[in-house]
Amino acid sequence: MKRHLLAAGALALSGIAAASAHSYLQNGISILHPWARPTAEAAKTGAVYLSLSNRGDAADTLVSASTQVADKAEIHEHVEENGVLKMRAVPGGLKLAPGASAEFKPGGFHVMLFGLKQRLKEGTSFPLTLVFDKAGPVPLEVRVQRGPTGNAAPADASGSHQSGDHKSH
């Protein structure tokens, strides 16, 4: 019985280590679970989602993003104008006061990937660097999965913006 409890405890700890391996902390900026949805073979766009918080004592700004899997990466948000949901780059970057958090999720903030050089295939990962005004560049590994916890995503969750319908992000 003791052996089973020890094995279960070791397994639980290994899960904690795996979960913490997908979180990043640099100069007060905390980034949790960066992920992207799989894309179709011909998709030219995709999106990255994550949780972001400023645990530091000073305000900071997420000013840019870059990745080798796309020609361009931008910090985007969804806004409603006259009853129409629109996606746009965040002017001046995303400002984070001390203690503030931002959830990058479908329908909200996200890192938009333009000119994908490869398909984002489920079960793979790719590098992404977020650049902050004060914290500097933070290299991340983005997991490609169907939802924030790897669960099935809602219908039309390809991550593509080719149709012009941005409601899926």
Side-chain angles (χ1 to χ4, degrees), residues 22-24 26-40 42-56 58-117 119-120 122 126-169:
H22 206 197
S23 63
Y24 305 85
Q26 180 171 307
N27 297 328
I29 297 296
S30 171
I31 302 163
L32 301 176
H33 192 61
W35 66 280
R37 289 183 172 140
T39 58
K44 295 295 179 197
T45 59
V48 175
Y49 310 106
L50 50 90
S51 296
L52 178 65
S53 61
N54 183 351
R55 296 182 182 178
D60 207 342
T61 303
L62 173 57
V63 292
S64 66
S66 63
T67 180
Q68 62 192 27
V69 302
D71 292 331
K72 182 169 63 167
E74 295 180 350
I75 311 307
H76 276 217
E77 65 182 336
H78 279 98
V79 293
E80 188 175 323
E81 293 177 358
N82 301 320
V84 177
L85 190 61
K86 296 182 177 184
M87 181 190 65
R88 68 175 181 203
V90 178
L94 180 64
K95 295 170 184 16
L96 285 171
S101 295
E103 192 70 28
F104 284 50
K105 61 184 180 180
F109 289 113
H110 57 280
V111 178
M112 190 69 211
L113 306 177
F114 293 99
L116 285 176
K117 298 175 183 178
R119 177 181 179 206
L120 302 182
E122 187 171 3
F126 62 90
L128 175 78
T129 300
L130 298 180
V131 180
F132 294 85
D133 184 45
K134 293 187 175 77
V138 181
L140 313 171
E141 197 66 24
V142 177
R143 293 182 182 164
V144 180
Q145 57 194 45
R146 293 175 85 43
T149 58
N151 295 333
D156 192 28
S158 67
S160 173
H161 280 42
Q162 292 181 5
S163 68
D165 177 9
H166 305 299
K167 293 178 187 168
S168 66
H169 292 328

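Taking both residues in full, the closest heavy atoms of G56 and P98 are given as O-CB, 3.4 Å, listed atom of the first, atom of the second, then distance. Residues Q26 and A135 approach most closely at NE2-O, 2.9 Å, considering heavy atoms. Of all non-hydrogen atoms in L50 and P34, the two that sit nearest each other are CB-CA, 3.8 Å.
At distances below 3.5 Å, not a single donor-acceptor pair connects side-chain atoms of T39 with backbone N or O atoms of R119. Proximity of a side-chain donor or acceptor of E141 to a complementary backbone N or O of H22 within less than 3.5 Å is not detected. A donor-acceptor contact shorter than 3.5 Å links the side chain of K134 to the backbone of A59.
A heavy-atom distance below 4.5 Å is not found between the side chains of L94 and V63. Counting heavy atoms from C-beta outward, P38 and L120 have side chains that stay 4.5 Å or more apart. Using a 4.5 Å cut-off on side-chain heavy atoms (C-beta onward), E80 and K86 make no contact. Between K95 and T61, some side-chain heavy-atom pair lies under the 4.5 Å cut-off. Using a 4.5 Å heavy-atom threshold, the side chains of Y49 and P106 count as touching.
Note: F114 and H76 meet the aromatic proximity criterion, with ring centroids under 6.0 Å apart.
We find the OG-CD1 distance between S53 and I31 to be 9.0 Å, quoted to the nearest 0.5 Å. K44 contributes atom NZ, which lies 8.5 Å from atom CG of D71 (distance to the nearest 0.5 angstrom). The CD1 atom of I75 sits 9.0 Å away from the CG atom of L52 when rounded to the nearest 0.5 Å. The distance from atom CG of L32 to atom CD of E103, rounded to the nearest 0.5 Å, is 8.5 Å.
Classified by interplanar angle (parallel below 30°, tilted 30° to 60°, perpendicular above 60°), the ring pair H33/W35 is parallel.
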For I29 and D60, what are the C-alpha separation, side-chain angles and deciding distance, and is it a side chain to side chain contact (heavy atoms under 4.5 Å, CB included)?
CA-CA 8 Å; I29 297 296; D60 207 342; 4.0 Å; yes

Candidate pair L140 and L130, rule side chain to side chain contact (heavy atoms under 4.5 Å, CB included), full reasoning
CA-CA 8 Å; L140 313 171; L130 298 180; 3.7 Å; yes

Go through the steps to decide whether V48 and F104 satisfy the test side chain to side chain contact (heavy atoms under 4.5 Å, CB included), and finish with yes or no.
CA-CA 8 Å; V48 175; F104 284 50; over 6 Å; no

Determine, stepwise, if the pair F132 / N54 fulfils side chain to side chain contact (heavy atoms under 4.5 Å, CB included).
CA-CA 11 Å; F132 294 85; N54 183 351; over 6 Å; no

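Remark: R88 engages E81 in a salt bridge, criterion side-chain N to carboxylate O under 4.0 Å.
Of the residues V111, T129, L116, L128, the one that meets the side-chain contact (heavy atoms from CB on, under 4.5 Å) test with T67 is L128.
With no hydrogens or angles considered, no side-chain donor-acceptor pair links H110 and E74 at under 3.5 Å.
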